[in-house]
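These numbers come from a predicted model, not from an experiment.
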Amino acid sequence: MSNQAFEGAYLLPLFRAVEQARGEHAYRQLPAPAPASSLAADDAPLGVYCAAHLIQNSYTAGLAHADALRRLTAAGEVDPTSPWTLLRGALENFATALWLLDGPGRAERRRRALSLWDEDMRNRQQHETDTGHQPSGGGMSGAQRRAEIRGADGLGLPPLTRPGTHQIVLAAAPTAGLTAVKVGAAWRAASGFAHGRYWPNLRASQPRAAIPGADGVHTVALVIDEDQHRPLAEYCHTMLDRLQEHYAARARAR
């Protein structure tokens, strides 16, 4: 793997934004919401299942994915698949944080937070079932946490729904000033690479050589198509910028 023919200048704005968020030993976390802030008011009845924790975690996870691509690029190890997979992880996380921040109305924002917590604990419950794990020290299991989350009837919220990643990305795009269908298309290509699908190689990679095999079948050597990858990087950078702006506005005291 080599970045000999890889320019990647379009990645620099995103990389600079990520580097600004790097601390000495970890990424600088988003600050806790001020007590008199709009976000704190959203979270007040949610207790440990507040939106702020989810937003902060998604922000850090998004930075980690983008930073991994920065390090890969600096090392000259750019392959045709990893840049798509890593920016997919960044985009999904930044979009999730925006989706949590900007639901239309307080009740909807609370519902989104609890829906995502419920999905989090559903996955935890499945992992505990698969591994036979039992929390120690009187800790609650994923199933017990789900029951606790779904017991928040006193808030009068609409029913919780399982949040789909594609729908979250589409919903977050307009909040970031982006066109949903274009962001969704970039996300779909990235997901195709992440899952080893065949079609993205035809749509978003460039052939460099065809290597004949002993059986007469040729193996095609591919490199990343920068023109196809560029929009994904730009969407990630825009989502990150809007996330930071929206969080600052929602988390400051009023």
Side-chain angles (χ1 to χ4, degrees), residues 17-18 21 27-66 87-124 142 145-146 148-152 154-180 183-184 187 191 235-254:
V18 171
Y27 303 110
R28 288 190 289 274
Q29 185 54 270
L30 294 171
S37 68
S38 172
L39 182 54
D42 282 359
D43 284 348
L46 303 183
V48 296
Y49 303 114
C50 62
H53 291 335
L54 294 170
I55 294 164
Q56 291 164 344
N57 200 55
S58 289
Y59 172 73
T60 302
L63 289 175
H65 280 83
L87 288 194
R88 173 198 183 219
L91 182 72
E92 289 179 359
N93 277 288
F94 297 150
T96 297
L98 269 176
W99 177 75
L100 288 166
L101 277 167
D102 291 308
R106 182 152 286 151
E108 172 61 14
R109 292 193 295 271
R110 289 171 176 168
R111 188 193 70 82
R112 290 183 181 188
L114 291 179
S115 291
L116 195 58
W117 275 115
D118 182 63
E119 175 65 3
D120 189 289
M121 293 303 163
R122 185 188 71 82
N123 283 288
R124 173 180 167 179
R145 290 288 185 185
R146 289 195 76 195
E148 189 174 63
I149 292 165
R150 289 176 170 265
L155 296 178
L157 302 178
L160 304 186
T161 57
R162 185 175 175 181
T165 302
H166 184 225
Q167 292 305 313
I168 288 175
V169 169
L170 293 180
T175 300
L178 299 170
T179 303
V183 178
W187 171 86
S191 294
Y235 298 152
C236 283
H237 185 212
T238 299
M239 288 268 193
L240 173 57
D241 279 350
R242 297 296 88 76
L243 164 56
Q244 291 169 325
E245 292 171 1
H246 284 243
Y247 188 88
R250 294 284 321 286
R252 71 166 65 101
R254 292 191 170 187

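- In this view, D118 and R146, R150 satisfy the salt bridge (charged side-chain N to carboxylate O under 4.0 Å, His left out) rule, not counting sequence neighbours.
- In this pair, W117 and Y49 present their aromatic rings perpendicular. The plane angle is above 60°, beyond the 30 to 60° band.
- Residues forming a salt bridge (charged side-chain N to carboxylate O under 4.0 Å, His left out) with R110 (at least two apart in sequence, or on another chain): none.
- L243 places a side-chain heavy atom less than 4.5 Å from the side chain of I55.
- With a 4.5 Å cut-off on side-chain heavy atoms, N57 and N93 do not count as touching.
- A distance of 11.5 Å separates CG in L170 from CG in L178, rounded to the nearest 0.5 Å.
- When every heavy atom of A52 is checked against every heavy atom of L39, the shortest pair comes out as CB-CD2, 4.2 Å.
- R250 places a side-chain N or O within donor-acceptor distance of the main-chain N or O of L101, the cut-off being under 3.5 Å.
- Atom-to-atom distance recorded for L116:CG and M121:CE is 10.5 Å, nearest 0.5 angstrom.
- Remark: L160 CG to L114 CG distance equals 5.5 Å, nearest 0.5 Å.
- Between the side chains of R88 and S191, a donor-acceptor pair is found at a separation under 3.5 Å.
- Residues Q244 and D241 have side chains in contact (heavy-atom distance under 4.5 Å, counting atoms from C-beta outward).
- Among residues at least two apart or in separate chains, salt bridge (charged side-chain N to carboxylate O under 4.0 Å, His left out) pairs with a member in residues 154-178 are E119-R162.
- The heavy-atom pair separating A176 from L98 by the smallest distance is CB-CD1, 4.0 Å.
- Shortest non-hydrogen contact noted between A17 and L240 is CB-CD2, 3.8 Å.
- Closest approach of M239 and V169 over heavy atoms only: CE-O, 4.3 Å.
- Between the side chain of Y247 and the main chain of P31, a donor-acceptor pair closer than 3.5 Å is present.
- How far CZ of F94 is from NE2 of H65: 10.0 Å, rounded to the nearest 0.5 Å.
- Side chains of Q29 and Y59: no donor on one and acceptor on the other come within 3.5 Å.
- When all heavy atoms are compared, the tightest approach of L157 to A107 is CD2-O, 3.5 Å.
- Considering all non-hydrogen atoms of both residues, P104 and R112 come closest at CD-NH2, 3.6 Å.
- Looking at D43, its side chain does come within 3.5 Å of a backbone N or O of A51 through a donor-acceptor pair.
- When only modelled atom types and interatomic distance are considered, R252 and S38 share no side-chain donor-acceptor pair under 3.5 Å.
- You'll find the side chain of L100 stays beyond 4.5 Å of the side chain of R109, heavy atoms only.
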